[in-house]
Every structure is written in C-alpha cells, then in structure tokens.
Student: 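Handing you a structure now.
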Protein chains: 2
Amino acid sequence: MADLLYKTILKDLEKRIFNNEFPAKKLPDERTLTSQYGVSRSSIKRALNVLASEGIVFKKRGSGTFVNPLYLKNRSLFNYEGSNLGVTDSLRADGKKPGIKVLDFSVIPATKEMQTDLFLQEEDFVYQIRRLRLLDDQPVMIETGYIPIRIAPELSRTIVSGSIFNYLEDKKNQTVTKSFLSIEAQPSTKEDQELLGLTPQEPVGVMSGIFFLDDGTPFELSNMRLHYQYMKYNALVELK
Amino acid sequence: MADLLYKTILKDLEKRIFNNEFPAKKLPDERTLTSQYGVSRSSIKRALNVLASEGIVFKKRGSGTFVNPLYLKNRSLFNYEGSNLGVTDSLRADGKKPGIKVLDFSVIPATKEMQTDLFLQEEDFVYQIRRLRLLDDQPVMIETGYIPIRIAPELSRTIVSGSIFNYLEDKKNQTVTKSFLSIEAQPSTKEDQELLGLTPQEPVGVMSGIFFLDDGTPFELSNMRLHYQYMKYNALVELK
DNA sequence: TTTGAAAATTGATACGGTCCAATTTTTTGA
DNA sequence: TCAAAAAATTGGACCGTATCAATTTTCAAA
C-alpha cells in the first residue's frame, strides 16, 4: 500500500496532523521536513501537494504550510478517498448486503449515440443489461448498461447477475478505473415508483456516463436511476 | 496565462492532439519530447500528467503514452475545465442573463453546526442570506447562505444582491477557490414549488457545502436548491 | 514454427541542485 | 518613533541524473 516513499510521508504527516502535533497549525518548512525525513525535497513537495489537493493543508509561498483548521475540527466531513467518491463506494459504504436482480439481458444493435460514445462501427451490437440493485433486500437503483459485444463476447446472464467489473478483473485481467459521470435529479417515472418503492412525489437521482478500461477503451454506457435517499455525491470542487 | 513552461507544453500538446498530429494515437516517448521541446523531462512529465488527469491521454509504463480515442471522436463530452465543473460555471454556462432576488438578509447567532463547520465560537453571529437566482428572469435556484460576521462585517443588502464572491475579490482582495459539496436529489417542498415554479411531482437538486477562501478559512455554509432541470453536475471519477 | 529467456523501450520514483517570487522579519535612517 | 529599505524565510518552477518496473521486441534454443 504505502510502499512508495511519498505515500509513506503522506500517511505519516496525515497522522501527525490528526494527532495535533502541529498545535500552531503550521507545518515545518519544506527544507526542514526534507532533513527530518531524510528524503529529497521533491518527495516532500509531492506529499504536501497531495495533502493540499485533498484540502487537508494549504500552502502560502513565503509564509509556510498550514493545517486546514476545519480538517481537525470536523473530520467527518472529509471522509472521501480522493477528490471524488464513486458509485460503488457509496453503495458499499454502510456495510449493507448488496444484491442484484437481472431485469433484462439482451443484444441490440448499437444506436447512433452508442456508436459515438462507445467508439463503435455501424454494424456493431451491444448487450443491454437492466439490473435492479438492492441493499439489504431493499431496492435502491435501476441500472441500465450497454456493453459492446466485441469487448466481452462471452458475457452471460449468470455473469451479469454478479459484478461485471469484478468478473473483468478476475477473469480477463482488465480493470475499470475511470468514468465520466453526469449527475442530475429527475421526477420518478411509473416504473421507478414500482421498482424502487417511491411515491409519485419522490424523485430519483440519475447518474449517467461512461466507464473506461485501464487502457482508455470505453467499456460501458451506463444509466443509473437511484432512490433519492441513496444518492449522495461528495466532491471537492476547485473554482478557477 | 501560459507563462509557465509546463503549461505552454500542455497547451501545445493539446493543440497537436486535436489537430490529429498523432494519427497512430501514440505520442512520442517522454525522452524524445524532452529533446523536441528542449526542456527537462520533469516538465514534460508534469504536462503529460495534467493531460492524463483530464482524460485526454493515458499512459502505460513500458508501452507509451496514447491519445484517448474518445477525446478526438466525441470532443463535446470532454468540455469540462478541470476534473469538476462548479456551480457558478454551470449557471454561467449558456450565456443567459443571471439575476438575483434577495429573499432574506438578517443576522442570527451561529448554530452548533455552523460553529463546527465555519470554525466559530459560541458567541459568534452569522449573516443569513436567502436569495433566489434567476436565469433570463426564470427562477432556477434558492440559495441559503451563512457567512460569519467576523469575516465580512460590512456586508449589506446591496452587496448581497450582487455576487458576494466578486465583491470579496474586488474590494477585499480575497478569493474563493475551493468548496466541498454534497450533491443529492429531494422532493420539492411547498416553498420550492412556489418559488421555482415546480409541480409537486418535480424534484429539486440539492447542493450543499462549504466555500473556502484562498487561505483555507471557511467562508460560507451554503445550501442550494435547484430547479431539477438546471442541475447537471459533471465529474471525472477515478475508481481506486 | 514455437517457446522462452534476454535485451531494449518506456514511464515512475526519487535525488539534489539552481534560481525565482511572495511573504515576513530585521535593520536602517530620517 | 516609525516608515522605508534590506535581508531572511519559504514555497514554486525547472533542470539533469540515476535507478527501477512494466511492457514490448528480439533472438536463440527446442
């Protein structure tokens, strides 16, 4: 995990900050840290940059590096991993038992939109996979995914009733590492209401986007309609 | 703008990628770029890292750096600035005329929650600012903000009917550069429906969080209830 | 022809250094 | 005493180098 030098320092600084070892809210300067840790200044800078990008510290040239006071005061607010929390994480979050019910598993020709988004040809086909996701047997999300046959020709209803991402990673040694997501709110449709147990007044959160493989290949076009109480997306936003 | 070396290279590579100067989708290796641009490898790496973090290229150790084919094919999908698009941006986006109607401007004692979030003392007071935001005279968002008096003691109803962020930047030379936001969907309340012109079936998008000043001081606790058609949040998510 | 080890390629991490720019502290001189 | 100038502090940008690790290519042995 922390085999990298800058990550080791990162973790250590994080721990020291949390243990309030810098009561003046000011970290030692970079050159001092360099000699304290016995590493080069670039490694220190790298660690500090990550801390800064996570909002844990902020730097001021000519002045020093300081602990974000809010980080100490109200740590629970800062419980994201990187700068974004993914879908899987947010579903995994609270230790509930996840379940999947396959609603539809079929093959259809790629629409125009899929062709551009998934980088396909006219004649290509895609799997259409509609699944209902449960947490502790409670339906929370309707997921409609489109995956090019070319990428995973051996997909089956059985595979699809588990985690497709895990299958890819275990059996084909391909990892899904990135996605472009668009997040919005919408009134619930009749179908939403039936499947997710919503009243007509209750909305769904919609997250739609593309998942990419390690090598940049677009892998899945996904549309997720979540029970509104289960969608909470946290982000660290930089205004530029 | 592009006075920094690595930024110049960044822009240039971006341009070359867009002009399809790398038809094999493969960029020259880092050492070649180093000599081509006549800069150090660290600058090249820095530029490439930004490109990679924006999803424009992806790197593979031992293999090379490649253009994300989707970036060329479907450029419109990638029209975000950094890795996240902020509120202001999304409201500014489509060239409509923004308007603000002040609903409430008062001073109240800080609640327990504000004390922790905004790093305040027991006896501190905050401005409570409720504003209705319009685009082309169409109401799109109800914004409730809490700002510590200590930070901006001279705030007035007049100032508040414009952009508070711009006021801070122009008059007090303080910039708001970061925020932690939580995004969710909720059924609309009676008030939402009246102010935003929604039916009871139509929801609101809720973005709530904290805005920070340049120096890390938490500046505003904000709760934004958006007409659901106006909330669209785009994010590049890294799954780890 | 095929397989598998060796070599070359290529990005990743880390070092240590120079110079610069923003800020704070100290000193100087009216 | 105090304001302006000088010096010290501190983070930022960039350079060039060494070593490592993942991947691809090459080439020899079976």
Side-chain angles (χ1 to χ4, degrees), chain A residues 1-13 22 24-53 56-68 169 172-175 177 213-217 238 240, chain B residues 1-13 22 24-68 173-175 177 213-217 238 240:
Chain A
M1 189 64 182
D3 43 341
L4 295 183
L5 201 43
Y6 82 92
K7 284 197 178 173
T8 314
I9 292 166
L10 179 66
K11 300 283 176 204
D12 188 62
L13 283 174
F22 308 110
K25 301 282 167 274
K26 187 176 191 304
L27 269 62
D29 69 278
E30 295 185 350
R31 288 156 179 90
T32 304
L33 285 174
T34 294
S35 70
Q36 276 183 10
Y37 281 98
V39 301
S40 77
R41 194 173 156 208
S42 13
S43 299
I44 295 292
K45 280 185 106 56
R46 194 161 176 182
L48 288 178
N49 279 336
V50 176
L51 286 176
S53 78
I56 298 175
V57 303
F58 54 93
K59 297 185 278 187
K60 237 176 170 174
R61 167 154 42 163
S63 183
T65 303
F66 305 85
V67 178
N68 180 343
E169 201 162 342
K172 308 200 63 181
N173 204 33
Q174 290 191 292
T175 334
T177 52
L213 294 178
D214 233 4
D215 61 1
T217 319
E238 311 251 359
K240 298 173 194 191
Chain B
M1 188 65 184
D3 43 342
L4 295 184
L5 202 41
Y6 82 93
K7 283 195 177 173
T8 314
I9 293 166
L10 179 67
K11 301 282 176 204
D12 189 63
L13 283 174
F22 309 111
K25 303 278 167 280
K26 187 177 192 304
L27 268 62
D29 70 280
E30 294 184 352
R31 289 157 179 89
T32 305
L33 285 174
T34 294
S35 70
Q36 276 182 10
Y37 280 98
V39 301
S40 79
R41 197 171 155 207
S42 13
S43 298
I44 295 293
K45 282 188 102 59
R46 196 162 174 185
L48 288 178
N49 279 336
V50 177
L51 286 175
S53 78
E54 289 176 346
I56 298 175
V57 303
F58 54 92
K59 298 184 278 187
K60 236 178 169 171
R61 165 154 43 165
S63 181
T65 303
F66 304 86
V67 178
N68 181 343
N173 204 32
Q174 291 193 291
T175 335
T177 52
L213 294 178
D214 232 4
D215 62 0
T217 320
E238 311 252 0
K240 298 173 194 192

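Just so it is clear, the model here is predicted, and its values are computed rather than measured. We name chains A, B, ... by the order of the sequence lines, and we start the count at 1 in each one. In what follows, every heavy atom counts, from backbone to side chain, and hydrogens, waters and symmetry copies are set aside.
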Student: How long is the gap from CD1 on B:I44 to CG on B:L5, to the nearest 0.5 Å?
Tutor: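 Output value for this atom pair is 8.5 Å.
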
Student: Just how large is the angle between the end axes of the helix from C:dT1-D:dA30 to C:dA30-D:dT1, five pairs per end, to 10 degrees?
Tutor: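 Inter-axis angle at the termini of the helix from C:dT1-D:dA30 to C:dA30-D:dT1: 0°.
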
Student: Scan A:L10, A:L27, A:I56 and name whichever one has a side chain to side chain contact (heavy atoms under 4.5 Å, CB included) with A:L48.
Tutor: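 Only one of A:L10, A:L27, A:I56 forms a side chain to side chain contact (heavy atoms under 4.5 Å, CB included) with A:L48, namely A:L27.
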
Student: What integer distance in Å separates B:K59:NZ from D:dA21:P?
Tutor: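 The answer, rounded to whole Å, is 18 Å.
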
Student: How close or far is atom C1' of D:dA13 from atom CG of B:L10, stated in whole angstroms?
Tutor: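 The distance from CG of B:L10 to C1' of D:dA13 comes to 15 Å, rounded to the nearest Å.
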
Student: Under the rule for side-chain hydrogen bond (donor to acceptor under 3.5 Å, both in side chains), what residues qualify as partners of A:S63, not counting sequence neighbours?
Tutor: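 Applying side-chain hydrogen bond (donor to acceptor under 3.5 Å, both in side chains) to A:S63 gives none.
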
Student: In whole Å, I'd like the distance from the CG atom of A:L51 to the C1' atom of D:dG11.
Tutor: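 Rounded to whole Å, this separation is 15 Å.
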
Student: With a 4.0 angstrom cut-off to heavy atoms of chain B, pull out the first and last contacting nucleotide of DNA chain C, in 5'-to-3' order.
Tutor: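 Range of nucleotides touched by chain B: C:dT9 to C:dT13.
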
Student: Under the rule for side-chain hydrogen bond (donor to acceptor under 3.5 Å, both in side chains), what residues qualify as partners of A:S42, not counting sequence neighbours?
Tutor: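 Result, side-chain hydrogen bond (donor to acceptor under 3.5 Å, both in side chains) vs A:S42: A:S40.
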
Student: For a 4.5 angstrom cut-off between non-hydrogen side-chain atoms, does A:T8 reach A:D12?
Tutor: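 A side-chain contact is absent here, since even the closest heavy-atom pair is not under 4.5 Å.
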
Student: Residues in ring pair (Phe, Tyr, Trp, His ring centres under 6.0 Å) with A:Y6, at least two apart?
Tutor: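 Scan of A:Y6 (ring pair (Phe, Tyr, Trp, His ring centres under 6.0 Å), adjacent residues dropped) gives none.
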
Student: Just jot down the side-chain contact (heavy atoms from CB on, under 4.5 Å) partners of A:N49, sequence neighbours excluded, or say none.
Tutor: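 Expected list: A:K59.
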
Student: Would you mind reading off the distance between B:R61 atom CZ and D:dT24 atom P, rounded to a whole angstrom?
Tutor: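 That distance rounds to 13 Å.
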
Student: Over how many whole Å does the gap from B:D3 atom CG to D:dG12 atom P extend?
Tutor: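 Between P of D:dG12 and CG of B:D3: 15 Å.
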
Student: How would you list, by chain and number, every residue that makes a ring pair (Phe, Tyr, Trp, His ring centres under 6.0 Å) with B:F66, sequence neighbours excluded?
Tutor: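 Counting only residues at least two positions away or on another chain, B:F66 forms a ring pair (Phe, Tyr, Trp, His ring centres under 6.0 Å) with B:F58.
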
Student: To the nearest Å, give me how far apart CD1 (B:I9) and P (D:dA13) are.
Tutor: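 My rounded result for the distance is 14 Å.
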
Student: Could you state the NZ-P distance from B:K26 to D:dT24, rounded to the nearest angstrom?
Tutor: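 So the two atoms are 10 Å apart, to the nearest Å.
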
Student: Applying salt bridge (charged side-chain N to carboxylate O under 4.0 Å, His left out), name anything that partners A:R41, two or more places apart in sequence or on another chain.
Tutor: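 Only A:E30 meet the salt bridge (charged side-chain N to carboxylate O under 4.0 Å, His left out) criterion with A:R41.
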
Student: Output the rounded distance in Å from CG (A:L48) to P (D:dT10).
Tutor: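 Distance check: A:L48 CG to D:dT10 P gives 14 Å.
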
Student: Which of residues 31-45 of chain B have a heavy atom under 4.0 Å from DNA chain D?
Tutor: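 Per residue number, the list reads B:V39, B:S40, B:S42, B:S43.
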
Student: Nearest 0.5 Å, what's the CG-OH distance between A:L13 and A:Y37?
Tutor: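 Reported to 0.5 Å precision, the distance equals 4.0 Å.
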
Student: Just wondering, do A:T65 and A:L33 contact through their side chains at under 4.5 Å, heavy atoms?
Tutor: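 Heavy-atom side-chain distance check fails, nothing below 4.5 Å.
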
